[in-house]
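Contents: one structure, followed by commentary.
Residue indices begin at 1 and follow the sequence shown.
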Amino acid sequence: MPSSPTVRVSLIFLAIALVGLLFADIAVTTSNPWRDLGNFLFGIATPNFFSTEGLMTALLRTVAFAFVGVALGSVAGFLMALAYRSLPVRIFCAFIRAIHELFWALIFLQFFGFHPLTGVLAIAIPYAGIFAKVYSEILEEADPESGRVLPPGTGNISAFLYARIPDCWAKMRTYTAYRLECGLRSSAILGFVGLPTLGFYLEASFSQGLYSDAGAMLILFYVLIATMPLWVRPKLLPVYVLGAPFFLGEGLPIVWGNVQRFFTEDIVPAPLRNGEGLTGLTPWLSDLMINEAMPGIWNTLVLTQIALVATGILSLLAFPLISNHFGGPIRRNAGHVVLVIARSTPEYILAYILLQLWGPSMLPAVVALALHNGGIIGHLIGRQTNAIKLRADAAEGFNRYSWELVPRVYRSFLAFLFYRWEIIMRETAILGILGIYTLGFYVDSAIQNIRFDRAMVLILITALLNIGIDTLGRYIRRKLALQTMPTC
């Protein structure tokens, strides 16, 4: 068994995570974390749905930003998917999806300000890169036989529209609907940078100790996600997409002079802007790399690897919650609720809540990343086990879990895990905005100090790091012959 390539790779990643724990800042620094946790749970149990003025407006704007951003991203992504074989297109898509939505929002805030365009573009741009990659994979997997039944002389465009698209439509529609759920989570966390979505009011409630208000917001968000199959209907989508822009709010007017100054002055490295030339650029870049980039990269990598292994462990523990091979319908329904809550809560919100309860360290980030991603993978693997037929004399209990089911789903589990590796890296970097010393911490500090040139270099490093992890993940999946599956 240890000679299996999948087992060897798993043990290597486990060892890396254990070594990373030696260097990680894992500590609870609050004076009474159990009391704070109790107050938060009490707030969840006693939600106050009527105290926060503008809560329903925030929910409506959360939905509006998601619909507009995902709609624009899907259209742009589809157009780029048609030319995805082109290397420049693939590089461009990899770059824009490697930058987290919050980083895009921080960039656009500097020249668009608190305008709806900031939130829309922050979602649409990275999602366009994601859609382009996934749509291109779906189009490549289309059945070539569908185009051969067309009459001779049919043009390429007609063949594409009448043969290829219908064959791919179901998968593209399913993934777009799944990405809309991701868009709602992305839209919610945009409130943490000041946009009028749910995260704005959630942060305000926590900072004031209004746990019942925060509990009400989380419950409403869960209800919003859980009821999507009821209110997101194909016939209503055109109405939602056309109506959503009218509910984004007006925001502050755009000062186009700020846009010009940002691109011509603010992001130009200080030595070049001050006329020092390349002579001054070397020490400037060296200082940035030594004091900010390298510590940020190290902490980002350490936290990512610990969170990745924690996600894997939690996924393997979670999938029996919804598997038909364990327990009865009552336990499985309860398990569904648990996993829906875990995967529906954005990592950023989970980390923010845990930071308030446990204090600033890597521990809240690890737990938040593992809960969210473990909930997603556990749900997908649990559903996969439901399709497995066991013998009548199959083992029961732990033996069924360890000897019957885990070996059969382990390759799919690794495929999901390595697919989400790059996503965990993106989230790890952005969690630095909350005070954890990952790359996001140094990006946010540079922006707060109006040093946009340093911030842009750090964001570029973050994107390159994500691209590297994505490339390595695809290489491992290919070497292990793991099937790749798009997940949110």
[X] versus [Y]: any side-chain heavy-atom pair under 4.5 Å?
X: P126; Y: E101; value: yes
X: M456; Y: I107; value: yes
X: R185; Y: H372; value: yes
X: F200; Y: L195; value: no
X: T385; Y: N324; value: no
X: M289; Y: I461; value: yes
X: I476; Y: W421; value: yes
X: F112; Y: V120; value: no

Would you give the length of the straight line joining atom [atom1] of [X] to atom [atom2] of [Y], rounded to the nearest 0.5 angstrom?
X: D444; Y: I430; atom1: CG; atom2: CD1; value: 8.5 Å
X: I123; Y: C182; atom1: CD1; atom2: SG; value: 11.0 Å
X: R179; Y: S186; atom1: CZ; atom2: OG; value: 7.5 Å
X: L102; Y: L109; atom1: CG; atom2: CG; value: 10.0 Å
X: E427; Y: T304; atom1: CD; atom2: OG1; value: 10.5 Å
X: L288; Y: M294; atom1: CG; atom2: CE; value: 11.5 Å

Subject >> Pair F13 and F418, ring centroids less than 6.0 Å apart >> reply: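 They qualify: ring centres under 6.0 Å apart.
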**OP:** Taking the six-membered ring for Trp and the full ring for Phe, Tyr or His, determine whether the centres of Y135 and Y84 are under 6.0 Å apart.
**Re:**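 No, the ring centres sit 6.0 Å or more apart.
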Looking at every heavy atom in both [X] and [Y], which two are closest together, and how far apart are they?
X: E422; Y: R97; value: OE2-O, 4.1 Å
X: R261; Y: N258; value: NH1-OD1, 3.0 Å
X: I349; Y: T345; value: CG2-CG2, 4.2 Å
X: I306; Y: A24; value: CD1-CB, 3.7 Å
X: A226; Y: P229; value: O-CD, 3.5 Å
X: R273; Y: D266; value: NH1-O, 3.6 Å

For the side chain of [X] and the backbone of [Y], is there at least one donor-acceptor N/O pair under 3.5 Å apart?
X: R454; Y: S445; value: no
X: H325; Y: I388; value: yes
X: Q384; Y: L380; value: no
X: T300; Y: L439; value: yes
X: Y240; Y: W231; value: yes
X: T227; Y: V223; value: yes
X: W104; Y: L121; value: no
X: N466; Y: T462; value: yes
X: S187; Y: G183; value: no
X: N299; Y: Y437; value: yes

Original post:
So Y127 and F131, would you call those rings parallel, tilted or perpendicular, with 30° and 60° as cut-offs?
Top reply: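 Aromatic pair Y127/F131 classed perpendicular.
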Original post:
Parallel, tilted or perpendicular: which describes the rings of F262 and F111, with under 30° parallel and over 60° perpendicular?
Top reply: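 If you compare the ring of F262 with that of F111, the planes turn out tilted.
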Subject >> Pair I433-F192, side chain to side chain contact (heavy atoms under 4.5 Å, CB included): steps then yes or no >> reply: CA-CA 10 Å; I433 295 178; F192 285 89; over 6 Å; no
Original post:
Is the number of heavy atoms from other residues, nucleotides or ligands under 6.0 Å of L230 CG greater than 12?
Top reply: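 Counting neighbours around CG of L230, more than 12 heavy atoms of other residues, nucleotides or ligands fall under 6.0 Å, so yes.
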Original post:
Got more than 12 heavy atoms from elsewhere within 6.0 Å of CG, L87?
Top reply: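 Yes.
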Original post:
Which is it for W256 and Q260 under the side chain to side chain contact (heavy atoms under 4.5 Å, CB included) test, yes or no, and what are the steps along the way?
Top reply: CA-CA 7 Å; W256 293 104; Q260 180 183 1; over 6 Å; no
Subject >> Salt bridge R343-E181, side-chain N to carboxylate O under 4.0 Å >> reply: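 Result for this pair is yes, salt bridge flagged.
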Side-chain donor/acceptor pairs under 3.5 Å, residues 59-82, sequence neighbours excluded:
from : atom 1 : to   : atom 2 : distance (Å)
T62  : OG1    : A58  : O      : 2.7
T62  : OG1    : L198 : N      : 3.1
S74  : OG     : V70  : O      : 3.1
S74  : OG     : A71  : O      : 2.8

Original post:
Passes side chain to side chain contact (heavy atoms under 4.5 Å, CB included), V89 versus F92? Steps please.
Top reply: CA-CA 5 Å; V89 173; F92 176 74; 5.7 Å; no
**OP:** Test L301 against L465 for side chain to side chain contact (heavy atoms under 4.5 Å, CB included), laying out the working first.
**Re:** CA-CA 9 Å; L301 288 173; L465 194 62; 4.2 Å; yes
**OP:** Applying side chain to side chain donor-acceptor pair (under 3.5 Å), name anything that partners N291, two or more places apart in sequence or on another chain.
**Re:**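 With neighbours one apart ignored, the set is D287.
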Subject >> Option passing side chain to side chain contact (heavy atoms under 4.5 Å, CB included) with I381 (candidates S323, P320, S412, S315) >> reply: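 With I381 as partner, S323, P320, S412, S315 yield a single side chain to side chain contact (heavy atoms under 4.5 Å, CB included), made by S412.
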Original post:
When you look at F413 and Y410, which way does the ring pair (Phe, Tyr, Trp, His ring centres under 6.0 Å) test go after all the steps?
Top reply: CA-CA 5 Å; F413 156 75; Y410 197 75; 5.3 Å; yes
**OP:** Compute whether any side-chain donor of one residue and acceptor of the other, for R383 and N386, lie under 3.5 angstrom apart.
**Re:**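 Side chains of R383 and N386: no pair found under 3.5 Å.
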